[in-house]
A.B. asks: 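Right, I'll just put the structure down here and ask away after.
Bear in mind the structure is a predicted one, so any value in this text is a computation, not a measurement. All values below come from the heavy atoms of this structure, side chains included, with hydrogens, waters and symmetry mates left out. All residue numbers refer to positions in the sequence shown, counting from 1.
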Amino acid sequence: MATNVPPHNMREVVDGVTAVIEQRGQSKETRTKALLRAVPGPDFPTGGFIVGRQGIFQAYTTGRGAITLRAKAKIEESRKGDKVSIVVTEIPYQVNKKRLIENIADLVREKTIEGISDLRDESDREGMRIVVELRRGEVPEVVLNNLYKHTQLQTTFGIITLAIMGGRPRVLSLLEVVESFIEFRREVVRRRTEFDLRKAEARAHILEGLKIALDHLDEVIKLIRASKSPSEARDGLMTQFRLTQLQSQAILDMQLQRLTGLERQKIADELVQLLKTIERLRGILSSDELLTQLVVTDLKDVREKFSDERRTQIIDESGEFRIEDLIADEDMAITVTNTGYIKRTAISTYRMQRRGGKGRIGMRTREEDFVSHLFIASTHAYIMIFSDRGRAYWLKVHEIPDVGPGGKGKAIANLVQMEEGERISALLAVKEFPAEEGQQFVIMGTRKGIIKKTDLSAFRNPRAGGIIAIGVEEGDSVIAVEMSDGKEQIFLGTRDGMAIRFEETDVRPMGRTAYGVRGISLREGDEVVAMEVVREGTTLLTVAQNGYGKRTELEEYRLQSRGGVGIINIQTSDRNGKVVGIAYVHDDDQLMLISQQGMILRMRAGGIRAIGRATQGVRLIEMEEGDMVVSVAKLAEREEDEGPDGDEADVNAE
């Protein structure tokens, strides 16, 4: 059995005890509220922050609870503005500074925490100062959050108010502790008052004897002179003047100087004062009110003598550190390579071009690698990563490294814990997960034409190792995932140019582990390459691997029942190649085409004319020999600026 009570601020504790005393006679709830108003929480000598009040409330009301302690850190820039550092000035209670610095250094070497270029201790007599210097381009808030997550810059303090009460161990609430302390102090003050009273009465008894002797001074002197021994004199005084043995002995021990008039008056004055003290002490012992008031007076004296300012700051959970509040809300191009490297780049980096241009480098890749996926999402969104094996993983967009347009990115294996052999098949941006069902759905499609609909709320509890999103049969794989409100239409397109359009209501919602139902029946050698959730009034863009594409009005694809073979979407040939992607677009939508060798072309959908289904399309991007288009993505923004001739304006954000 163990107890663990954190230190508190003396001033707050005294105010809390006083508040409970003032509320005596009131209900337990009233006394508790008064106490918690005076004592907001523990106060640690090392300072720092206490994050959230729920742990404090639980500990104070039940006797058990855990509170989160966080170091106090600030972000500083060098005088030249070329370096950014995180400076820690206060660390959590009971954390060893030397071991903390060693732990941070180990995590940097193990690459658990990245972005740190230097670590040093600049503490001196004026206070603590741990400096964490960052690499150029790193977001200090992100690094600081990782430090809180992986080191003792953020710790938990477990509170257990276990005490021996009535001879038995009990876990007490703060109110019970304070009320027990009040009773203890009342007993201490009572015993002290009783001691003072006994002492005052004994002294008064002696002074009364001395006063009697001084009032009969001649008779006392005569008796003492006539006595043969001190004991005979003592007995004579006790007999003649009716004194006690203590009084008689005090008279015999009295110095001759006490016989002067001044000393005689001092004895009389002291006796009068003692009688008043005795009356006051007896009044305290006979009155609970006076006894309690004396307890309060003693506590206030202690507060004035030992109190100081609070050192630990308590921050509400609503004010808890959130990186999203410190990062601009902007669209990012999320790029993923075939071997699993991911990065983000602001979409403003890619300048506007007219169709037929050569594009620009969007990601540097190794010779054996190629870019396989492109996705657009806000920095404040979650990215749900769906693997080809039907598992879902979570990642925040701002946690994805921004290494510039030509950078390679970072392996997804270092960001999420994917199983061996899994590959990314789809990314989905989710701003927040609804608490109730029926508001939003996740639509999943597989290479063999299987379709499945699952409520988005089923994915609201992320796990480090991911969760099952869809059951996938052997030889099949997930190729697309989309969001819907449950009342849209679904479009499936195949590599050989077939397509089917059907109502989403044809697919009933299923649990995460279900396998789904057939969306399209495939012919020999064909497979699904794209799935879209479409709406009336849009056009469907189809892109082939040789850089050709076309837009077709949605009305040309009649509604069919789920599970059919579909109709012709595009005529595939050696000229345009097989279909690699399909997206529904408006005239003012912005598109990105990405090639196997990492070339990216940003263009306006309105620059592609709408033509019939059974055509081969027009050239969208000029392909180098040996290169091919692997992906197409629609940007979340629309271009409204136009040049003087009505064509697209040339936007260069480099």
A.B. asks: Is atom CD of E102 surrounded by more than 12 heavy atoms (other residues, nucleotides or ligands) closer than 6.0 Å?
C.D. replies: yes

A.B. asks: Drop me the distance from I104's CD1 to L153's CG, to the nearest 0.5 angstrom.
C.D. replies: 5.0 Å

A.B. asks: Are more than 12 heavy atoms from other residues, nucleotides or ligands located less than 6.0 Å from atom CD of E29?
C.D. replies: no

A.B. asks: Does any part of the side chain of I56, heavy atoms only, come nearer than 4.5 Å to the side chain of I314, both counted from C-beta?
C.D. replies: yes

A.B. asks: Can a salt bridge be assigned to the pair E194 and R190 using a cut-off of 4.0 Å between side-chain N and carboxylate O?
C.D. replies: yes

A.B. asks: Indicate yes or no: does D118 engage K83 in a salt bridge with an N to O separation below 4.0 Å.
C.D. replies: no

A.B. asks: Quick one: does Q152's side chain get under 4.5 Å of N96's, heavy atoms only?
C.D. replies: no

A.B. asks: Mind listing the closest non-hydrogen atom pair of N4 and G158 along with its distance?
C.D. replies: ND2-O, 2.6 Å

A.B. asks: Just so I know, are the side chains of I130 and L119 near enough to count as touching, which here means a heavy-atom distance under 4.5 Å?
C.D. replies: yes

A.B. asks: Working to the nearest 0.5 angstrom, can you tell me the gap between L214 CG and I251 CD1?
C.D. replies: 8.0 Å

A.B. asks: Please check if the side chain of R170 supplies one atom and the backbone of M165 the other of a donor-acceptor pair under 3.5 Å.
C.D. replies: no

A.B. asks: Between the side chain of R31 and the main-chain N/O of Q26, is any donor-acceptor distance below 3.5 Å?
C.D. replies: yes

A.B. asks: So, using side chain to side chain contact (heavy atoms under 4.5 Å, CB included) as the criterion, who are the partners of V188 when residues are at least two apart?
C.D. replies: F184, R185

A.B. asks: Check whether any side-chain heavy atom of L299 lies under 4.5 Å from a side-chain heavy atom of F181, and answer yes or no.
C.D. replies: yes

A.B. asks: Tell me, please, which residues at least two apart from F44 pass ring pair (Phe, Tyr, Trp, His ring centres under 6.0 Å).
C.D. replies: Y93, F157

A.B. asks: Ignoring hydrogens and geometry, is there a side-chain-to-backbone donor-acceptor pair from T61 to F57 under 3.5 Å?
C.D. replies: yes

A.B. asks: Taking the side chain as everything from C-beta on, heavy atoms only, tell me whether I267 gets closer than 4.5 Å to L271.
C.D. replies: no

A.B. asks: Assess whether atom CD1 of I468 is packed by more than 12 heavy atoms of other residues, nucleotides or ligands within 6.0 Å.
C.D. replies: no

A.B. asks: Taking only residues two or more places apart in sequence, or in another chain, which ones meet F459 in a ring pair (Phe, Tyr, Trp, His ring centres under 6.0 Å)?
C.D. replies: none

A.B. asks: Can you list everything that forms a side chain to side chain contact (heavy atoms under 4.5 Å, CB included) with V171? Sequence neighbours excluded, please.
C.D. replies: R64, T161, L162

A.B. asks: Does atom NZ (K33) have a neighbourhood of more than 12 heavy atoms from anything else shown, all under 6.0 Å?
C.D. replies: no

A.B. asks: Between E114 and R135, is a salt bridge (charged side-chain N to carboxylate O under 4.0 Å, His left out) present by the stated rule, with each step listed?
C.D. replies: CA-CA 9 Å; E114 296 187 346; R135 294 195 187 102; 6.0 Å; no

A.B. asks: Stepwise, does the salt bridge (charged side-chain N to carboxylate O under 4.0 Å, His left out) test hold for K266 with E263?
C.D. replies: CA-CA 5 Å; K266 283 184 178 180; E263 290 296 320; 3.7 Å; yes

A.B. asks: I'd like to know if R191 pairs up with E187 as an ion pair, taking the criterion as any Lys NZ or Arg NE/NH1/NH2 lying under 4.0 Å from an Asp or Glu carboxylate oxygen.
C.D. replies: yes

A.B. asks: Can you find a pair of side-chain heavy atoms, one from R303 and one from D15, that are under 4.5 Å apart?
C.D. replies: yes

A.B. asks: Indicate yes or no: at least one non-hydrogen side-chain atom of V220 is less than 4.5 angstrom from one of F241.
C.D. replies: yes

A.B. asks: Please list, chain by chain and in numerical order, all residues satisfying ring pair (Phe, Tyr, Trp, His ring centres under 6.0 Å) with H150, sequence neighbours excluded.
C.D. replies: none

A.B. asks: Which distance, rounded to the nearest 0.5 Å, do you find between the CD1 of I467 and the CZ of R512?
C.D. replies: 4.0 Å

A.B. asks: Going from CG on D288 to CZ on R24, what distance comes out if it is rounded to the nearest 0.5 angstrom?
C.D. replies: 9.0 Å

A.B. asks: Indicate yes or no: does E279 engage R282 in a salt bridge with an N to O separation below 4.0 Å.
C.D. replies: no

A.B. asks: State the CG-CD distance between L69 and E90, to the nearest 0.5 angstrom.
C.D. replies: 12.0 Å

A.B. asks: Pick out which of K97, R129, K98 makes a side-chain hydrogen bond (donor to acceptor under 3.5 Å, both in side chains) with D121.
C.D. replies: K97

A.B. asks: Is P40 close to R310 at the side-chain level, that is, under 4.5 Å between some pair of heavy atoms?
C.D. replies: yes

A.B. asks: In Å and rounded to the nearest 0.5 Å, what is the CG to CD1 distance from L237 to I224?
C.D. replies: 5.5 Å

A.B. asks: Heavy-atom count around L256 CG within 6.0 Å, excluding the residue itself: above 12?
C.D. replies: no

A.B. asks: Is atom CD of E122 surrounded by more than 12 heavy atoms (other residues, nucleotides or ligands) closer than 6.0 Å?
C.D. replies: yes

A.B. asks: Who pairs with R460 by salt bridge (Lys or Arg N to Asp or Glu O under 4.0 Å), at least two apart in sequence or on another chain?
C.D. replies: none

